[in-house]
Amino acid sequence: MFLHQHPLDLPTLIASVASDDRGAIASFVGVVRDHHAGRTVLGLEYSAYGPMAEQRCAALVAQAETTWPVRVALAHRIGPLAVGDAAVAVVAAAAHRGPAFDACRWVIEAVKTEVPIWKRERYRDGSEAWVDPTAPAGVHPTGSAT
Amino acid sequence: MFLHQHPLDLPTLIASVASDDRGAIASFVGVVRDHHAGRTVLGLEYSAYGPMAEQRCAALVAQAETTWPVRVALAHRIGPLAVGDAAVAVVAAAAHRGPAFDACRWVIEAVKTEVPIWKRERYRDGSEAWVDPTAPAGVHPTGSAT
Amino acid sequence: MTTRTVLLFARYAELLGAASVEVEIAAGATIADLVAALRALPGGASLPANPVVAVAHAKADAATVIPEHAELALLPPLAGG
Amino acid sequence: MTTRTVLLFARYAELLGAASVEVEIAAGATIADLVAALRALPGGASLPANPVVAVAHAKADAATVIPEHAELALLPPLAGG
């Protein structure tokens with residue numbers, strides 16, 4: 001439901017939460033960038049603990065929709081991605097822009113800390129590394145080229 | 001450039017600011033809602049002081065792009081709109097989500113206070129009114145049915 | 001005295017029944033003087049006491065002296081976005 | 001002692017060379033005990049001292065006693081979004 005093998009489509013996500021009484025639609029799209037931690041990124045692959053990830057995403061959406069008067073759509077790509085591909089998309093629709101922005105921003109932050117998804121980056125020099133936000137360099141030190 | 005007679009297209013706006021080194025894309029779309037100030041809205045019409053509106057929009061985008069490391073796209077509909085139509089769209093692309101959200105939110109707030117655009121709403125009871133955010137009821141008291 | 005054109009929009013255009021009006025103002029007149037002249041026009045009394053005036057596409061204070069060749073416009077409360 | 005399956009992901013799966021492993025833990029064992037057992041496996045020494053463990057799809061503290069029938073998983077630092 002939240003994890004997608006196929007490209008994310010923002011208009012579809014927006015349509016899923018838009019309605020005549022919700023005129024403020026805030027959205028966030030995280031796109032694969034061409035560099036990370038000082039290295040040129042060619043592409044990456046997301047892996048997930050599927051059942052827990054789906055369950056956590058559902059819990060985050062439910063929490064946002066009770067914290068703010070919003071409807072939230074969330075989608076995360078898994079599998080191989082190229083630079084420029086959308087990796088995650090969050091849409092929050094509300095009657096007013098304040099709750100829409102606040103909920104949208106809260107959800108993307110929560111996805112990063114709550115949803116069991118991992119990212120292995122491929123670099124131009126042929127090496128690869130697991131992204132590790134807790135590591136100083138942002139990637140796990142011993143990036144192996146397996 | 002910023003004012004559009006034709007429907008706004010979010011993907012096009014996003015494409016105009018996305019780039020390989022900007023992985024965080026925050027956007028806001030303001031959609032015509034079916035009610036305002038307690039009355040059912042059938043549609044509305046935006047009018048603008050064209051030259052000043054274009055000039056102010058350009059200035060807002062430039063200010064946002066110097067305040068944060070972002071690229072901003074902004075579009076505002078003018079002319080008649082129906083409920084559900086996108087009236088305004090702001091996209092801010094950055095390397096990181098903080099500046100993207102901050103800039104996006106700043107621009108939409110600034111549009112409302114700086115850009116000479118006006119909104120005449122049509123209600124189900126046949127009456128019409130100029131929206132006036134400074135008026136207690138959010139619309140000018142003496143909505144005439146001209 | 002010089003004749004100046006003032007552009008009108010939205011509700012103010014309706015009040016004065018036109019998209020622009022001509023008013024006579026003295027040399028060195030301020031925005032406040034301009035507003036007084038506008039309020040003296042037919043329907044002008046319904047204008048608020050301190051409407052926003054744009055001079056060359058920028059909002060101007062009441063005390064601003066009106067430049068000779070700047071475009072003038074009366075702006076109702078904005079309602080964009 | 002009971003045999004428990006622990007699901008592995010990303011870097012930890014690489015370290016232990018598998019998508020899941022079996023470990024023996026005593027009845028009433030805690031997450032800390034489970035981690036100790038995992039670190040004793042081939043490649044397990046490279047695991048951090050306090051890796052995040054999910055019990056029935058929720059992160060668990062080191063002191064949590066492991067329920068009998070809950071799915072167990074070892075989670076490397078998350079990197080979604």
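The sequence lines fix the lettering, A, B, ..., with proteins before strands; numbering per chain opens at 1.
For the options B/Val111, B/Ile78, B/Asp132, heavy-atom pairs under 4.5 Å to chain C are most numerous at B/Asp132. Your options are C/Ala58, C/Ala56, C/Ala10, and the one with the most heavy-atom pairs under 4.5 Å with chain B is C/Ala10. Contacts with chain C were tallied for B/Ala89, B/Ala53, B/Pro133, B/Ser47; B/Pro133 has the most, counting heavy-atom pairs under 4.5 Å. Among B/Arg77, B/Met52, B/Glu109, B/Arg56, the residue making the largest number of heavy-atom pairs under 4.5 Å with chain C is B/Met52.
Atom CG of C/Asn50 has 12 or fewer neighbouring heavy atoms from other residues, nucleotides or ligands inside a 6.0 Å radius.
Across all non-hydrogen atoms, the minimal contact from C/Gly81 to B/Ile108 is CA-CD1, 4.5 Å. Across all their heavy atoms, C/Leu78 and B/Thr113 have their closest contact at CD1-O, 3.4 Å.
Note: B/His140 NE2 to C/Glu14 CD = 9.5 Å, rounded to the nearest 0.5 Å. Note that the NE2 atom of C/His57 and the CD atom of B/Glu54 stand 11.0 Å from one another [nearest 0.5 Å].
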Evaluate side chain to side chain contact (heavy atoms under 4.5 Å, CB included) for B/Trp118 paired with C/Arg11, printing each intermediate quantity in order. CA-CA 9 Å; B/Trp118 299 278; C/Arg11 195 169 66 81; over 6 Å; no
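Within the 4.5 angstrom heavy-atom criterion, atoms from both the backbone and the side chain of B/Glu114 approach chain C. Interface residue B/Tyr46: only side-chain heavy atoms are found under 4.5 Å from chain C.
For the salt bridge (Lys or Arg N to Asp or Glu O under 4.0 Å) test, residues two or more places apart in sequence or in another chain that qualify with B/Arg71 are B/Glu65.
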